[in-house]
Amino acid sequence: MAEFRTCPETGFKIDLQADKLIKWNAVTSVVFLLVGGLFGLLVALTRWPEIHLLPAELYYLVLTGHGLDILLVWIIFFEMALLYFTSAILLNARLVAPMLGWIQYWLMLVGAAATNVAVLQGNSSVMFTSYVPLQAEPLFYAGIIVFAVGALIGCGVFFATLVTAQREKTFEGSMPLVTFGAMVAAIIAVFTIATGAAILLPTLLWSLGLIPYIDSLLYKVVWWAMGHSSQQINVAAHIACWYAIGGILFGAKPLSEKVSRMAFFMYILFLQLASAHHLLVEPGISSEYKIFNTSYALYIAVLGSMIHGLTVPGSIEAAQRKKGFNKGLFEWLRKCPWGNPVFSGMFISLVSFGFLGGISGVVLGTEQLNLIMHNTMYVPGHFHATVGAGTTLAFMALAYWVVPVLYQKELWGAGMAKWSPYLFGLGISLIAVFQMGAGTLGAPRRHWDMTLSEAAIGFDLPPAAFLMMGLNGVAALIAGLGGAIFILNMVGTILLGAPKAAPAVAPAAPAASGAAVSGSAEGVTVPGTFFLAIIFLVTFILYYFVNWKFLASVWPLS
Amino acid sequence: MAITPPDERVWWNEPVEKTEVLWVTIALIWALVMFFMMPYWHFAGEQNLSNEAYKGTIDAYVEKVEAAAEKYTVREEGSTGIPVVRPPVGGDAYMIGRQFEWWPVLELKAGETYRLHLSSADVMHGWSLLPENINIQVHPEYEMIIKITPTKAGTYGVLCNEYCGLGHHVMTGRIYVTE
């Protein structure tokens, strides 16, 4: 029989097993964020031309570790915590089969550790993507597979908890939007992991010598159906975080449940096609395939993201206006709690993800434009904006709320916590900008020596590209400082945090509903958000066509 | 709230707020514009990647590159021992990527269109032509043929931008374009 406690702050009924699993997954994720973050710092310091810290072999090793620990381990551990939170806690339900939850945890931990060991042993510097016929040690692939099986079990526990909560009527009507978003993430995760198994199992057998050969193009097509889709899990998960934070801090209601849920639903239908983003300059794949898939079928998934981009801040604006912050276009925004890392982290995540990650992603994923960017530093620039500024910062923001609440402790080091989202957000956004800049100038990614001094035939990359990579190093230090503060805050809160005082007032009850005049946000218009959205659109259009102009200036090819 | 079930049980019948309808409409139009840009460029633009590719063996491709090099070599690249190959104007040019070089050096004529063949002898490589910044993925056993027209005389670098092993950063090549 499941045991519960009642959260004094939120009034949620908390299943003790879920509570424990969320904490363990979240804490483990932060440990891997630390490891992966340190790897990242070493990478940035090596690519800083004046410092050039690590020797080549070590650089490629550390770069492989950075990709794995951040893109997979940190993020998926945190997502497991998020799945348990959005199901058991938000639905006031018991977590089904907590035993399986623990199997999820240990499999993922063992898998992540195994892959890290394989990487650190030095014979598996094949990068996160491990393109065949480059070959890693069998332990490298085996670790990822065990990790993925763990994640799959976690998704199963999540789905079972949803179904049981519905059957046991622990909530009224439809599940909350945030849980819906998490469910979308979990559905994409199942697809992603199945695809991963389809390619990594044969690759493991191949590394053991049991299969003679794997076609490199086939590998790439299938691998990216996992590799890119796994980043779509993040998109769905961190957008769910944005909505959650809007709800937690402002009592914000979606402008319209229908539209927000449709936007999530589009992700399930179309985001998987993004595998094609990585195949735009490959031999043997037709233009028709590339165009249809890279655009997620007419950009319907991008439309989904643009909708969230309006409705997340829009729901906050509506909530703020209802509280009386009605002056002008932006009083609602000025009166937001900018000193609260939960809010500032979420908002910076939203802006950077949209302006930097979203726009660059679409440009990079345009069939012909990819020609002038593929595999340059532009690519890591893009995903530092999406996974770094978008996902990681959103998760940090939510952690600033979840960790003190679940541990029932005051946030330790609240003074410096204020700075963390600004430092990390600014640093990681600048990383994205400088890397994109360097890529536009031709700097190659995953490359130890852009002076090419040891090559038989030299080439001089423009000095501006070197400058960009130096600035990238500075930005990495800023981001690293913000990340270090976050980790100190988390560890400090858990180990040293003062017990939380009982809240003076009863937990904020959901705003009285009344009859909806127009949509869930009750007809409050959101001119400020709309204005920001138009600025976004204009930026998007200008940048998009500037790149077509760049493209038109290079050698004709057909 | 977004973290609680919708207030209205029948939320799917609620009318959608006007700002949102307007934004969805604008975004949809923009999505369609971006989609149609790609097929449009296939007709109106000059930079489109070829769909011509063949699957074969590594050995067969190496043989072709070497045969072409033997026939059309004009000189050596400095003291590197790497041949500089001047393919027939408007004809087939061959380059191969292998750990860790792009081979051979090519000499092309500006304004002429060549059929450039690319493939790899071992693992995946990234053919990155600088400063043009044209980037093409090169796979072993896949021979890709691109019609390419150099526009301006000069010395162009070819880098590898797909990680291909511990010597990735020494993998380079060169293309000369003459008037």
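Proteins get letters first, then strands, A, B, ... in listed order; numbering begins at 1 in each.
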Compare every heavy atom of [Y] with every heavy atom of [X], then report the nearest pair and how far apart it is.
{"X": "B:Pro140", "Y": "A:Ser216", "answer": "CD-OG, 3.7 Å"}
{"X": "B:Thr19", "Y": "A:Leu310", "answer": "O-CD2, 4.3 Å"}
{"X": "A:Tyr544", "Y": "B:Trp30", "answer": "CD2-CH2, 3.5 Å"}
{"X": "B:Asn135", "Y": "A:Val281", "answer": "O-CG1, 3.4 Å"}
{"X": "B:Tyr163", "Y": "A:Val126", "answer": "CE2-CA, 4.1 Å"}
{"X": "B:His169", "Y": "A:Ala56", "answer": "CE1-CB, 3.4 Å"}

In this structure, are over 12 heavy atoms from other groups packed under 6.0 Å from [X] atom [atom1]?
{"X": "B:Lys147", "atom1": "NZ", "answer": "no"}
{"X": "A:Asp460", "atom1": "CG", "answer": "no"}
{"X": "A:Tyr213", "atom1": "OH", "answer": "yes"}

| said: Can a side-chain donor-acceptor contact be found between A:Glu367 and B:His42 if the only test is distance below 3.5 angstrom? | reply: yes
Worksheet item: Is the closest side-chain donor-acceptor distance between B:Gln137 and A:Tyr131 under 3.5 Å?
Response: no
Heavy-atom proximity to chain B below 4.5 Å, by part of [X]:
{"X": "A:Leu280", "result": "backbone"}
{"X": "A:Ala252", "result": "backbone"}
{"X": "A:Phe12", "result": "side chain"}
{"X": "A:Met373", "result": "backbone"}
{"X": "A:Leu461", "result": "side chain"}
{"X": "A:Phe545", "result": "side chain"}
{"X": "A:Ser553", "result": "backbone"}
{"X": "A:Met306", "result": "both"}
{"X": "A:Leu441", "result": "backbone"}
{"X": "A:Val132", "result": "backbone"}
{"X": "A:Phe459", "result": "side chain"}
{"X": "A:Thr451", "result": "neither"}

To the nearest 0.5 Å, atom CG of B:Asp7 lies from atom NZ of A:Lys253 at 4.0 Å
Rounding to 0.5 Å, atoms CG (B:Leu159) and CD1 (A:Ile457) come to a distance of 11.0 Å
*State yes or no: are the ring centers of A:Trp555 and B:Tyr114 separated by less than 6.0 Å?*
no
Pick whichever of [options] has the most heavy-atom pairs under 4.5 Å with chain A.
{"options": "B:Leu22, B:Ile145, B:Thr113", "result": "B:Leu22"}
{"options": "B:Cys160, B:Gly157, B:Gly167, B:Gly45", "result": "B:Gly157"}
{"options": "B:Ile136, B:Asn133, B:Thr151", "result": "B:Asn133"}
{"options": "B:Val33, B:Val21, B:Val105, B:Leu129", "result": "B:Leu129"}

Examine whether an atom of [X] lies under 4.5 Å from a heavy atom of chain A, and if so say whether it belongs to the side chain, the backbone or both; otherwise answer neither.
{"X": "B:Ile26", "result": "side chain"}
{"X": "B:Val10", "result": "neither"}
{"X": "B:Leu116", "result": "neither"}
{"X": "B:Glu132", "result": "both"}

Backbone of [Y] reached by a side-chain donor or acceptor of [X] within 3.5 Å:
{"X": "A:Lys258", "Y": "B:Asn13", "result": "no"}
{"X": "B:Asn161", "Y": "A:His374", "result": "yes"}
{"X": "B:Asn51", "Y": "A:Ser558", "result": "no"}
{"X": "B:Gln47", "Y": "A:Ala552", "result": "yes"}
{"X": "B:Glu20", "Y": "A:Thr311", "result": "no"}

Note, [X] side chain near [Y] side chain (heavy atom, < 4.5 Å):
{"X": "B:Met38", "Y": "A:Ser295", "result": "yes"}
{"X": "B:Leu166", "Y": "A:Tyr60", "result": "yes"}
{"X": "B:Glu162", "Y": "A:Arg446", "result": "yes"}
{"X": "A:Thr366", "Y": "B:Met37", "result": "no"}

Just say parallel, tilted or perpendicular for the rings of A:Phe530 and B:Trp23, cut-offs at 30° and 60°. perpendicular
request  = Tell me, please, whether B:Trp11 has A:Arg261 positioned over its six-membered ring: NZ or CZ under 6.0 Å from the ring centre and within 45 degrees of its axis?
outcome  = yes
